[in-house]
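Below: the structure, in structure tokens.
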Amino acid sequence: MPVQPRADLHSLPSYVAGKTVPGAVKLSSNETPGGPLPSVAKAIAEATADINRYPDISVGKLARRLAEKLSLPSEQVSVGCGSVALCQQLVQAMCAPGDEVLFAWRSFESYPIVSQIASAVPVTVPLDAGHRHDLTAMAAAVTPKTRVVFVCNPNNPTGTAVRREELERFLDAVPSNVLVVLDEAYREFVTDADVPDGMDYVRGRDNVAVLRTFSKAYGLAGLRVGYFAGPAAVAEAVRKVYVPFSVNTLAQIAAMASLDAEDELFARCRTLVTERDRVRTELIEAGYEVPETQANFVWLPLGERAMDFAEHALANKVVVRAFAGDGVRVTISHPEENDLFLHAARSYRRTS
């Protein structure tokens, strides 16, 4: 018999990245449209002189800088190769085979993948009628086997957000031995003051963790760096399952330079938020249902028409991210690219 990999990997869903199509505007991957800031690009260029050397395996300088920024002990912060890698590290660190990982659906498509890789059991709870986390149902779905609960806030791909009061009720209901992970990849685009900062709960509760990334607001999607903040024992376990050197030198330098340039980067975020609200308003005026979004994208719950809409958009030189049977996620970009998408959306309404 030939060598065989794990049999259960045959059923492992594949991560589907947003497509890039030559000649078309890419609004499928939630990337920020601007390139690196000049100061960040300069730091990256200078760092290339040392890429014959291994990166800092502990990512210690960046971790300490983040801990200081977050007003947390450095022992509670771990850095990884993007927040998606940290999702996998968390499940590996927390779950034995057969343990359960609970999350809403539809939500970030890596959750079921990383759960199965770790031989854990993914448990899903449907979003409510408003395309939001149903935290009451999620609390009821916790069992003695539940080890990790992911709450994506704002949620990818719907953009909807959990508010403070409902989140605190949920946290009060979850047993203290279950880790609640607030995945806040889009935190920098939140404008609703009632959407809480997850770091407040990391500081005040022993079973809450937060994931964040430099891929979105900081514009470093191609360099892969994110961070975990949570209980010190969990942070240590996450570091133990870290793939050595996976946060490369350029990523570490770029993240540090980006922290130095936060004011400029966050001004970009505010510009995107203005465009986000404009695009949502114009879509609603065109007759679409568009949930309120706190991220850098909008969600069109088109159901069975999702793939047809995506094909129409592509015919109009716009690439969007379609989820068959559910809906379409559209990243906010520069005004002229958003206008091209809006033209496609309006023409679809006229022809469908």
Side-chain angles (χ1 to χ4, degrees), residues 8 11-13 15 83-84 86-186 194-196 198 201-202 204-211 228 230-231 234 237-238 291-292 294-295 299 301 303 323-327:
D8 66 306
S11 63
L12 185 70
Y15 184 90
S83 57
V84 64
L86 286 162
C87 285
Q88 183 166 326
Q89 288 171 241
L90 264 170
V91 177
Q92 289 174 318
M94 292 293 298
C95 295
D99 285 342
E100 294 177 351
V101 178
L102 177 67
F103 47 90
W105 198 252
R106 179 170 289 273
S107 191
F108 185 33
E109 63 187 296
S110 284
Y111 298 154
I113 298 172
V114 300
S115 300
Q116 190 170 335
I117 288 173
S119 297
V121 178
V123 178
T124 60
V125 175
L127 298 173
D128 67 18
H131 313 285
R132 301 172 66 250
H133 281 66
D134 186 341
L135 292 182
T136 300
M138 289 180 68
V142 172
T143 75
K145 291 185 176 181
T146 306
R147 296 283 287 146
V148 176
V149 179
F150 284 109
V151 177
C152 192
N153 199 35
N155 186 46
N156 178 14
T158 63
T160 52
V162 171
R163 268 61 179 188
R164 182 173 288 102
E165 184 178 351
E166 60 186 328
L167 179 60
E168 291 180 358
R169 282 200 306 268
F170 174 73
L171 294 176
D172 289 341
V174 173
S176 60
N177 65 333
V178 175
L179 182 70
V180 177
V181 181
L182 305 176
D183 189 345
E184 297 185 336
Y186 301 94
D194 200 31
V195 176
Y201 302 112
V202 171
R205 294 177 182 256
D206 294 333
N207 67 327
V208 176
V210 166
L211 293 177
F228 162 95
V234 179
V238 166
E292 181 184 357
Q294 291 291 313
W299 172 250
F323 298 83
D326 283 338

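Excluded from the calculations below are hydrogen atoms, water molecules and symmetry mates; all remaining heavy atoms, backbone and side chain alike, are included. Counting from 1, the numbers follow the sequence of the chain as shown.
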Checklist line | Listed partners of E166 passing salt bridge (charged side-chain N to carboxylate O under 4.0 Å, His left out), at least two apart | finding: R132
Notebook entry, point to check: Does anything in residues 113-127 pair up under side-chain hydrogen bond (donor to acceptor under 3.5 Å, both in side chains), and if so which pairs, sequence neighbours excluded?
Noted result: S11-Q116
Next item on the list: Identify, with sequence neighbours excluded, every residue that meets side chain to side chain contact (heavy atoms under 4.5 Å, CB included) alongside E100.
Entry: V121, V123, T143, K145, T146
Check: By side chain to side chain contact (heavy atoms under 4.5 Å, CB included), which residues pair with A137, not counting sequence neighbours?
Finding: V125, D134
Next item on the list: State, yes or no, whether a side-chain contact exists between V181 and V149 at a heavy-atom distance under 4.5 Å.
Entry: no
Checklist line | side chain to side chain contact (heavy atoms under 4.5 Å, CB included) against V210, all qualifying residues, sequence neighbours excluded | finding: L182, E184, M199, V202, R212
Margin query: Quick test of your reading: applying salt bridge (charged side-chain N to carboxylate O under 4.0 Å, His left out), list the pairs with at least one residue in residues 135-144, sequence neighbours left out, ordered by first then second residue.
Written below: none
Margin query: Quick check for you: to the nearest 0.5 Å, what is the distance between S83 atom OG and F228 atom CZ?
Written below: 13.0 Å
Next item on the list: Specify the closest pair of heavy atoms between M138 and F150, including all atoms of both residues, with the distance to one decimal.
Entry: CE-O, 3.8 Å
Next item on the list: Apply salt bridge (charged side-chain N to carboxylate O under 4.0 Å, His left out) to R163 and list each qualifying residue two or more places apart in sequence or on a separate chain.
Entry: D192, E292
Margin query: For E109, give me all partners under side-chain hydrogen bond (donor to acceptor under 3.5 Å, both in side chains), at least two apart in sequence or on another chain.
Written below: R321
Check: Is there a side-chain contact between W299 and N156, using heavy atoms and a 4.5 Å cut-off?
Finding: no
Next item on the list: Determine, step by step, whether L102 and V142 satisfy the side chain to side chain contact (heavy atoms under 4.5 Å, CB included) criterion, reporting the C-alpha distance in whole Å, the side-chain angles of both residues, the deciding distance to 0.1 Å, and the verdict.
Entry: CA-CA 7 Å; L102 177 67; V142 172; 3.7 Å; yes
Notebook entry, point to check: Should P231 and D206 count as side-chain neighbours, where that means a heavy-atom distance under 4.5 Å?
Noted result: no
Checklist line | For N155, all residues meeting side-chain hydrogen bond (donor to acceptor under 3.5 Å, both in side chains), sequence neighbours excluded | finding: S107, T158
Note to self: When you measure from the side chain of Q294 to the backbone of P154, do you find a donor-acceptor pair of N or O atoms at a distance under 3.5 Å?
What the structure shows: no
Margin query: Just to verify, what does R147 make a side-chain hydrogen bond (donor to acceptor under 3.5 Å, both in side chains) with, not counting sequence neighbours?
Written below: none
Next item on the list: Report the C-alpha distance between L211 and L90 in whole Å, list the side-chain angles of each, state the deciding distance to 0.1 Å, and finish with yes or no for side chain to side chain contact (heavy atoms under 4.5 Å, CB included).
Entry: CA-CA 10 Å; L211 293 177; L90 264 170; 4.0 Å; yes
Notebook entry, point to check: Is there side-chain contact between E168 and Y201, with at least one heavy-atom pair below 4.5 Å?
Noted result: yes
Checklist line | Residues forming a side-chain hydrogen bond (donor to acceptor under 3.5 Å, both in side chains) with D128, sequence neighbours excluded | finding: none
With a cut-off of 3.5 Å and sequence neighbours excluded, list every side-chain donor-acceptor pair involving residues 171-178.
unit_1: D172; atom_1: OD1; unit_2: R205; atom_2: NH1; d: 3.1
unit_1: D172; atom_1: OD1; unit_2: R205; atom_2: NH2; d: 2.9

Item checked: Side chains of P301 and D326 in contact at under 4.5 Å (non-hydrogen atoms) -> no
Next item on the list: Report yes if the side chains of P126 and R106 come closer than 4.5 Å at any heavy-atom pair, otherwise no.
Entry: no
Note to self: side chain to side chain contact (heavy atoms under 4.5 Å, CB included), that's the test. Do I113 and I117 meet it? Break it down for me.
What the structure shows: CA-CA 6 Å; I113 298 172; I117 288 173; 3.9 Å; yes
Check: Is T160 close to P291 at the side-chain level, that is, under 4.5 Å between some pair of heavy atoms?
Finding: yes
Check: Do N153 and V195 come within less than 4.5 Å of each other through their side chains, counting heavy atoms only?
Finding: yes
Check: Hey, what's the ring geometry for F103 with Y111, parallel, tilted or perpendicular (30° and 60° as the breaks)?
Finding: tilted
